[in-house]
Each structure stands twice: as C-alpha cells, then as structure tokens.
Amino acid sequence: MSSSVPCTIYRLLSTEYDLTSSEDEFLHFENPYQILIATILSAQTTDRTVNLVTKDLFARYPDPVSLSTARQQDVEKIIHRTGFYRAKSRNIIAAAQVLVNLYGGEVPDEINKLIELPGVGRKTANIVVHHAFDRADGIAVDTHVGRLSGRLGLSDESNPDRIEQDLLKLFPKKIWGDINGLFILHGRKVCRARKPSCSCCVLSSLCRYAALNTLQ
DNA sequence: AACTCGGGGCA
DNA sequence: TGCCCAGAGTT
C-alpha cells in the first residue's frame with residue numbers, strides 16, 4: 001500500500017465529519033472525575049442516555065470522596081437507565097475509592113494507571129485520556145474501528161490490541177484521537193457491519209471491500 | 001473464546 | 001420487533 005493512503009483517508013473523513021460537534025456531549029463535564037465516571041457509564045450505551053443521569057449523579061456525588069462512601073443501592077437508583085447498572089455502580093464506587101486511596105482524589109492521566117481502575121479497560125482508558133487530558137496515547141479499537149481497519153486493508157489482525165499497534169504505526173500520533181472518532185462515526189453511519197453504503201462512501205475508491213461489494 | 005450483564009433509542 | 005450502543009469481568 002502507498003504510504004500516502006492513511007493521509008488520504010484522514011483527509012477524506014475529516015471533510016465528511018465534524019468531530020467538534022459530535023464531542024459536544026462531553027464538553028459540558030467540568031473535570032476529569034466527571035469525565036471518568038461518565039465514560040465508565042457509557043459502555044454499551046449512548047452518550048445521550050448517560051447524560052440523562054449525570055446531572056443527578058454529580059449533584060449527589062460531586063467528587064471522588066463523596067462517591068467513594070456512597071451506598072451501591074443509592075447509586076443504582078440514579079444510573080439505572082444506563083444499563084448494566086449493578087456492575088457499573090459497584091465499579092464507579094470502587095474506582096472512586098482507588099482515586100482517594102492511591103491518587104489523592106485525582107484522576108491519573110496514564111493509560112496503565114487508568115486501566116487498573118475497576119470498570120476501566122483499554123477502550124475506556126483511551127477515551128478518558130483523550131477527553132479529560134486532550135491527548136491521545138492510543139486508539140480505542142471497538143467493533144467499528146476493527147471493521148474499518150480490516151475492510152480498508154490497514155490491518156490483517158483480529159486481536160484488537162494488534163490492530164491498535166498497526167494503526168499507531170500508520171497514523172501520526174497527533175491525529176490518533178481524531179482517527180478514533182472519525183472511524184467510529186464512519187463505521188456507524190456508512191461502513192456498517194450489515195449493509196454498508198459503499199456507494200455513498202468517500203473512501204470507496206481506495207477500499208478493497210467496496211470494490212468487492214459493488215460488483216454485481 | 002464464550003458468556004453475562006441491561007436499559008434505552010431507533011427504523 | 002430486531003438491532004445497536006467509543007465494554008469489562010469472569011469462566
């Protein structure tokens with residue numbers, strides 16, 4: 001593959017999508033604590049659903065100290081609508097306890113430390129670094145990112161960690177966060193798992209899968 | 001690698 | 001009604 005292909009992909013997707021508007025949901029959170037908790041709650045749920053509960057949640061538990069001593073039953077009532085509420089309640093309380101006990105009530109800004117928090121995996125850690133610290137130390141490989149990477153021929157791997165390694169080599173670090181957001185938007189709206197809209201896709205001219213898919 | 005946790009939104 | 005949502009933890 002030509003080394004300019006990743007650059008072209010980035011340019012085309014940037015023209016197609018406005019990342020700043022799609023990230024508005026997160027902008028109203030005031031600090032890394034709120035972003036961390038909201039991101040844990042956002043697993044397998046839309047940002048809009050999370051936003052239905054965060055006002056109540058942060059009014060009652062404005063900081064790690066207050067959340068660390070919360071009763072799980074009370075937290076469950078507030079976040080019930082975000083799904084997986086038992087595990088999420090347990091995890092955010094335990095995470096708050098770790099913040100208080102190990103990090104002086106602050107949210108660490110390193111992937112390796114964030115990943116140790118209950119309820120935080122590699123994807124969530126990447127999201128928190130990106131949104132809370134305005135930086136991208138990696139790329140969160142969800143189903144969309146994995147699917148696009150395969151169809152575009154950017155990676156032949158199946159393991160998300162290895163796909164991430166391939167992507168990190170292909171794209172310059174300063175656009176990792178943008179690539180992450182753009183791939184997810186494109187994977188959701190155009191390059192869908194089921195019926196991808198290759199005829200409307202700005203990347204179709206450089207995509208093997210589109211060439212295959214549009215053959216009749 | 002497979003399985004479980006789960007309510008909300010949308011076509 | 002079926003499918004999807006910037007997943008994580010356990011077995």
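Taken residue by residue, residues 142-150 of chain A places heavy atoms nearer than 4.0 Å to DNA chain C at Asp142(A), His144(A). Against DNA chain C, the stretch residues 83-93 of chain A makes heavy-atom approaches under 4.0 Å through Phe84(A).
Counting to the nearest Å, the P atom of dG7(C) and the CG atom of Leu117(A) are 18 Å from each other. Between the CD1 atom of Ile184(A) and the C1' atom of dC4(C) there is a distance of 14 Å, rounded to whole Å. Protein atom CG of Leu36(A) is 15 Å distant from nucleotide atom P of dG7(C), rounded to whole Å. Here the C1' atom of nucleotide dC5(C) and the CD1 atom of Ile40(A) are 17 Å apart, to the nearest Å. The separation between Leu114(A) atom CG and dA8(C) atom P is 11 Å, rounded to whole Å. For the pair Gln44(A) CD and dG9(C) P, the computed distance is 13 Å after rounding to whole Å.
Judged purely by atom type and a 3.5 angstrom limit, Ser204(A) has no side-chain atom pairing as donor or acceptor with the backbone of Cys200(A). Checking side-chain atoms of Asn101(A) against main-chain N and O of Gln97(A) turns up a donor-acceptor pair under 3.5 Å. The backbone N or O of Gly83(A) sits less than 3.5 Å from a side-chain atom of Lys88(A), completing a donor-acceptor pair.
With a heavy-atom cut-off of 4.0 Å to chain A, the contacted part of DNA chain B has its first and last nucleotide at dC5(B) to dC10(B).
Counting non-hydrogen atoms under 4.0 angstrom, Thr82(A) reaches a base of the nucleic acid.
Taken to the nearest 0.5 Å, the CG atom of Asn180(A) stands 4.5 Å off from the CD1 atom of Ile184(A).
Ring geometry, Phe58(A) versus Phe29(A): the interplanar angle exceeds 60°, so the pair is classed perpendicular (tilted spans 30 to 60°).
If you chain together ILVMFWY residues whose side-chain heavy atoms come under 4.5 Å of each other, Val65(A) ends up grouped with Val100(A).
The side chain to side chain contact (heavy atoms under 4.5 Å, CB included) search around Arg71(A) returns Gln73(A), Asp74(A), not counting sequence neighbours.
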Acceptor/donor pairs from residues 118-129 of chain A side chains to any protein atom, 3.5 angstrom cut, sequence neighbours excluded:
{"from": "Asn126(A)", "atom 1": "OD1", "to": "Gly138(A)", "atom 2": "N", "distance (Å)": "3.4"}
{"from": "Asn126(A)", "atom 1": "ND2", "to": "Arg122(A)", "atom 2": "O", "distance (Å)": "3.2"}

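For the 3.5 Å distance criterion, the side chains of Asp63(A) and Tyr33(A) fail to qualify, holding no donor opposite an acceptor.
Each of Pro118(A) and Arg194(A) lies near DNA chain C, and the nucleotide nearest Arg194(A) is the one positioned closer to the 5' end.
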Query raised in the report: Between Thr49(A) and Thr46(A), is a side chain to side chain donor-acceptor pair (under 3.5 Å) present by the stated rule, with each step listed?
Result: CA-CA 5 Å; Thr49(A) 302; Thr46(A) 58; 2.9 Å; yes
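Separation of the His80(A) and Tyr85(A) ring centroids falls under the 6.0 Å cut-off.
Comparing dT11(C) with dG6(B), their P atoms are spaced 16 Å from each other, to the whole Å.
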